[in-house]
Amino acid sequence: MKHFEKSTKLDGVSYDVRGPVLEEAERMQEAGISILKLNTGNPAPFGFEAPNEIVRDLIMNVRESEGYSESKGIFAARKAIQQYCQLKGFPNVGINDIYTGNGVSELITMCMQGLCNNGDEVLVPTPDYPLWTASVSLAGGKPVHYICDEQSEWYPDIEDIRSKITAKTKAIVVINPNNPTGALYPKEILEAIVDVAREHDLLIFSDEIYDRLVMDGLVHIPIATLAPDRMVVTLNGLSKSHRVAGFRVGWMVLSGDKSGAKDYIEGLNMLSSMRLCSNVLSQQIIQTALGGYQSVDELLLPGGRIYEQREYIYNAINDIPGLSAVKPKAAFYIFPKLDIKRFNITNDEQFVLDFLHEHHILLVHGGGFNWQQPDHFRIVYLPKLDDLKETAQSMRAFLADYRQ
Ligand SMILES: Cc1ncc(COP(=O)(O)O)c(C=O)c1O
């Protein structure tokens with residue numbers, strides 16, 4: 001019998017958010033142990049429901065959605081996305097600059113497949129949402145990590161970005177608001193990134209899937225609005241803001257000056273056609289979702305679930321000896337720092353594995369986000385307060401005598 005090996009294309013590609021620790025959690029579950037899974041930003045299992053209007057519209061449009069659509073998506077959905085971009089001030093977005101996708105995930109892999117020739121470098125943040133790093137590698141490119149600085153609210157370190165540019169650097173990826181840190185970038189930082197892109201002729205990719213999940217009265221600024229003279233590819237979707245991660249609905253928008261990117265755009269069009277189209281039924285809800293009343297807003301205000309859970313977990317984490325965390329301003333993640341000297345920690349994956357075994361709670365280690373030191377982990381703070389309290393109390397008890 002033939003022996004089927006892993007494709008060598010996958011060498012060096014890692015995606016540890018769904019890695020060995022999750023496998024161990026699943027093994028424990030199969031053995032009858034119940035696990036609190038705080039490893040993915042998936043709102044539905046934590047009792048966040050999709051708005052009724054979305055579900056109604058989905059049902060109303062089932063018959064309309066039986067056939068393939070145009071590869072970039074149905075007109076009404078793309079029109080709604082275009083108008084959303086107009087209201088946010090994106091420059092130069094026509095209907096043909098918009099591609100719908102089966103989640104942002106599909107579009108991340110698509111836009112990197114179309115970009116990278118062997119050895120091309122793409123600047124990606126560390127910590128990052130690891131699909132970006134994995135997609136650059138899978139496409140034959142080389143992810144080069146620039147530091148986001150915990151001392152400065154987790155903002156990208158502009159000097160570090162500059163120091164990592166080479167003749168092979170083609171593009172820079174920005175994740176704003178950020179997963180896993182919950183950071184929201186101010187205008188000055190975004191402008192500085194655009195300046196670097198201008199100086200070195202880089203494409204900008206901006207993952208803005210959390211742009212409707214911002215707290216404390218702050219305002220999200222799309223980097224595209226600061227770069228009318230550059231081509232910016234902005235990605236967004238409904239998984240988080242409308243609590244429909246399972247529907248797989250996202251989009252990608254090309255804005256600004258596209259004159260230097262004709263070949264790349266041709267490649268994107270081909271890749272988009274090759275997968276025929278994204279889920280047509282899911283496209284039907286984009287217009288409803290982006291217009292009118294935004295039910296997510298209530299969750300982000302004092303008294304709302306996401307806001308109150310953020311307040312709780314931020315205070316609880318900072319109250320545990322040996323832990324500290326920057327307050328997240330957006331999304332639903334916190335990325336605490338461990339005092340590794342105090343706990344003698346050298347392996348962050350072992351740390352989350354030990355915690356899983358002892359307390360049956362699944363977290364993701366910092367390395368899962370391409371963070372190089374073994375001194376961070378991520379908590380998804382979507383669970384109800386009682387579960388978050390259990391998590392914080394378990395962590396306090398665990399760290400009281402944990403040494404590696
Ligand atoms: C920053 C970021 N981008 C993209 C995604 C993927 O979203 P989608 O469900 O649209 O594929 C996630 C999901 O956690 C994310 O955190």
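Note that ligands are numbered from 1 as they come in the structure, with each ligand's atoms numbered from 1 the same way.
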Item to check | Qualifying residue for side chain to side chain contact (heavy atoms under 4.5 Å, CB included) with P125, from I175, I147, I172 | outcome: I175

Checklist entry - Which residue holds the protein heavy atom closest to atom 11 (O) of ligand 1, what is that atom called, and what is the gap in Å? => result S105 OG, 2.5 Å

Checklist entry - atom 12 (C) of ligand 1: which protein heavy atom is closest, and how many Å away? => result Y129 CZ, 3.4 Å

Checklist entry - Quick one: which of R248, K240, E208, E106 has a heavy atom closest to atom 14 (O) of ligand 1? => result K240

Checklist entry - What residue and atom, counting heavy atoms only, is the protein's closest point to atom 9 (O) of ligand 1, and at what distance? => result S239 OG, 2.6 Å

Next on the checklist: Is any side-chain heavy atom of R248 closer than 4.5 Å to one of S105?
Outcome noted: yes

Checklist entry - Looking at ligand 1, does G237 have a heavy atom less than 4.0 Å from it? => result no

Checklist entry - Between K384 and D387, does at least one N-O distance fall below 4.0 Å, as a salt bridge requires? => result no

Checklist outcome for this item: Within 4.0 Å of some non-hydrogen atom of I175, the atoms of ligand 1 are 1 (C)

Checklist outcome for this item: Ranked by distance from atom 3 (N) of ligand 1, the top protein heavy atom is D207 OD2, 2.6 Å

Next on the checklist: Ring of F369, cation from R378 - is the NZ or CZ under 6.0 Å from the centre and inside 45° of the axis?
Outcome noted: no

Next on the checklist: Test your reading of the model: is there a side-chain donor-acceptor pair from N61 to the backbone of D57, 3.5 Å cut-off?
Outcome noted: yes

Next on the checklist: If you define the side chain from C-beta out and look only at heavy atoms, does anything of N269 sit under 4.5 Å from I265?
Outcome noted: yes

Checklist entry - Short list, please: which atoms of ligand 1 are under 4.0 Å from a heavy atom of Y210? => result 1 (C), 13 (C), 14 (O), 15 (C), 16 (O)

Item to check | R27 with E24: basic N within carboxylate O range, under 4.0 Å | outcome: yes

Next on the checklist: Donor-acceptor check, side chain of R305 to backbone of L382, threshold 3.5 angstrom: yes or no?
Outcome noted: yes

Item to check | Under 4.0 Å to a heavy atom of Y333 - the qualifying atoms of ligand 1, by number | outcome: 14 (O)

Item to check | Part of V104 with heavy atoms under 4.0 Å of ligand 1, whether side chain, backbone, both or neither | outcome: both

Checklist outcome for this item: Ranked by distance from atom 7 (O) of ligand 1, the top protein heavy atom is I209 CD1, 3.4 Å

